[in-house]
Amino acid sequence: MAQSTEQQLLEKIVSLAKRRGFIFQSSEIYGGLNGCWDYGPLGVEMLRNLKDAWWRAMTTRHDIEGLDASILMHPRVWEASGHIQNFSDPMVDCRECKSRYRVDHLFGEMSEKRLKAISKAANVEGVLAKTIVMESRDVTKEQLAEIITAHTEKNSALFEALVQQELIPCPNCGRVKTLTAPRNFNLMFETYVGPVKDAANAVYLRPETAQGIFVNFLNVMQSSRQKVPFGICQIGKAFRNEINTKNFLFRTREFEQMEMQFFCMPGSDEKFFEEWREHRLNWWKSLGMPADKLRYKPHEKLAHYARAAGDIEFLFPFGFGEVEGIHNRTDFDLSRHQEFSGKSLQVHNEETKEKYTPFVIETSAGASRGFMAFLCNGYEEETVNGEQRTVLRLHPFLAPVKAAVLPLVNKDGMPEIAEKLEGDLRRSMKSFYDDSGAVGRRYRRQDEIGTPFCVTIDSDTLQDQTVTIRERDSMQQVRIALSQVKEYIQDRIAPPILL
RNA sequence: GCGGGAGUAACUCAGUUGGUAGAGUCACAGCCUUCCAAGCUGUUGGUCGCGGGUUCGAGUCCCGUCUCCCGCUCCA
């Protein structure tokens, strides 16, 4: 079957990423591990640059503090956050047509008649009788789905009975009694503290970095002498046991987040949500993403904690995909941690002399996804003088190598001058010395890894101590004094300025 | 988890009815080269994804499995 152009593009990027040392498959010599990837020498430089750009954009503000919380946290954290309840969905398979469903999604297409029959049957089991829903007599699909799902998580007997009574057919093939017993899919990775594997000492690998920020809210505020409104930011790994990984780095089980939680007064939350949404979109643009490959998409269904939410999406070869989520988390998290820990997380309002629980605006960017997005955004093939040129148009701040130093030919002392210059540059930026093959070939090699500047030592250098600097995207050259090279490049690889 | 496609050198791929694993690129060592790659010489590099089976003999046939891509499903 013919592959789409987009598919070929992604494969070319994956291939380049491996060949040049950006991304390798995890444990490759053992056949790989599903959805796990390693960052090679160039990949790790670029990833660090990306994280650095984000870290600078956050922590150079007066109202944001940094944090690096432990990946393992007290298990109660995840009860409070709702992950233990909401991150495990009962799912069923159809034995005949092999379709898979979340239990709560099974009721969407059902007829009123069938719903009533289910309600009746379920009520016999005494499930609905305990709920408020029955008092209003009319059970909506959503309510029924919620009740049965919640019940099924604890005990699957009712669900199985309903299937056997031919009340829940497969929505796809329509056959009855073909659905398997519900199984819980827990999206959190579980491990054990101490050498004994026992449910009593089970802990989780964090599925988001946010909770480390919430539980440290007061610690940070007091030690840094901040006052609401202010934010706490953190970069770190998070883990989700996804059913399916997909699209190279896009959906993986281990990934890195760049999160900032902004604490504010209730009532100011909507204003800060808008501000941060704008600000974060601008950040992506400031690193070279064109407006037509970025969009903001509001969530249609809101999570249990959110009042407003949306995604910043980038146009990947496979279509638009989320690179950052913006959420108004309200006071949900702090309130829950207050409730579960018994510790006050309220702050004092100096004007009204009252205590309140701050609202939180979350900006949660994917470092791994962002990395892939910039790789895809930068990749370009073009024809120059009849020859193909592959170039990674990365923002200079993101580029893994900032400058290559090349002797035009390997004689007349050019290599010596070039090596000395490269040694000087190396102290303040990632640089590379290359003397193999024709200079044009060396330029193209640097283009392929996104090096923004190539400095060439030629015969003029021997005469007047000047060199050429060739810019990656335009391929234009300028001639400047050897002594000016470091300053010239440093001016042009600075982090973007964010307004 | 289901369906489809793929897996042979670091990369892209050939490999005929089952009969001694190949090319180009890349890399490395030289030569050549005075500004936009694919000139010359040489070299390194392969458990043919992995494990079984059939066979005198398997990259090739059969079974299982892993990984990647696509589509479903999933993605609080």
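Throughout, a chain's letter reflects where its sequence line sits, starting with A, and its residues are numbered from 1.
The aromatic rings of A/Trp276 and A/Phe262 lie tilted to each other, with the angle between the two planes from 30° to 60°.
With sequence neighbours left out, the side-chain hydrogen bond (donor to acceptor under 3.5 Å, both in side chains) criterion links A/Gln234 to no other residue.
Between B/rA9 and B/rA23, the distance separating the two P atoms is 14 Å to the nearest Å. One P atom belongs to B/rC50, the other to B/rU55, and the distance between them is 23 Å to the nearest Å. Nucleotides B/rU44 and B/rC62, compared at atom C1', are 37 Å apart to the nearest Å.
Figure legend. B/rA23 is base-paired to B/rU12; pairs are counted as Watson-Crick or G-U wobble with both atom distances under 3.5 Å. Base pairing annotation: B/rG71 forms a Watson-Crick or G-U wobble pair with B/rC2, both donor-acceptor distances under 3.5 Å. Taking a pair to require two hydrogen-bonding distances under 3.5 Å in either a Watson-Crick or a G-U wobble arrangement, B/rU34 remains unpaired. Across every strand in view, B/rU44 sits unpaired, with no contact that passes the Watson-Crick or G-U test at under 3.5 angstrom. Base pairing of B/rG64 is made with B/rC50, judged by Watson-Crick or G-U wobble geometry with both donor-acceptor distances under 3.5 Å.
The nearest whole Å value for the distance from the CZ atom in A/Arg441 to the P atom in B/rC35 is 17 Å. Atom pair A/Asp458:CG and B/rU33:P shows a separation of 17 Å (rounding to whole Å applied). For the pair A/Arg19 CZ and B/rG24 P, the computed distance is 17 Å after rounding to whole Å. Per the geometry, CD1 belonging to A/Ile457 stands 17 Å off C1' belonging to B/rU33, to the nearest Å. Here the C1' atom of nucleotide B/rC36 and the CD atom of A/Glu448 are 14 Å apart, to the nearest Å.
Annotation: of the two residues near RNA chain B, A/Arg329 and A/Ile29, the 5′-most nearest-nucleotide partner is A/Ile29.
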Between N or O atoms, less than 3.5 Å apart, protein on one side and nucleotides 41-43 of chain B on the other: list the pairs.
none

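Inspection of the A/Glu381 and A/Thr390 side chains reveals no N or O donor paired with an N or O acceptor under 3.5 Å.
Residue A/Asn34 has no polar side-chain atom (N or O) positioned under 4.0 Å from OP1 or OP2 of B/rC66.
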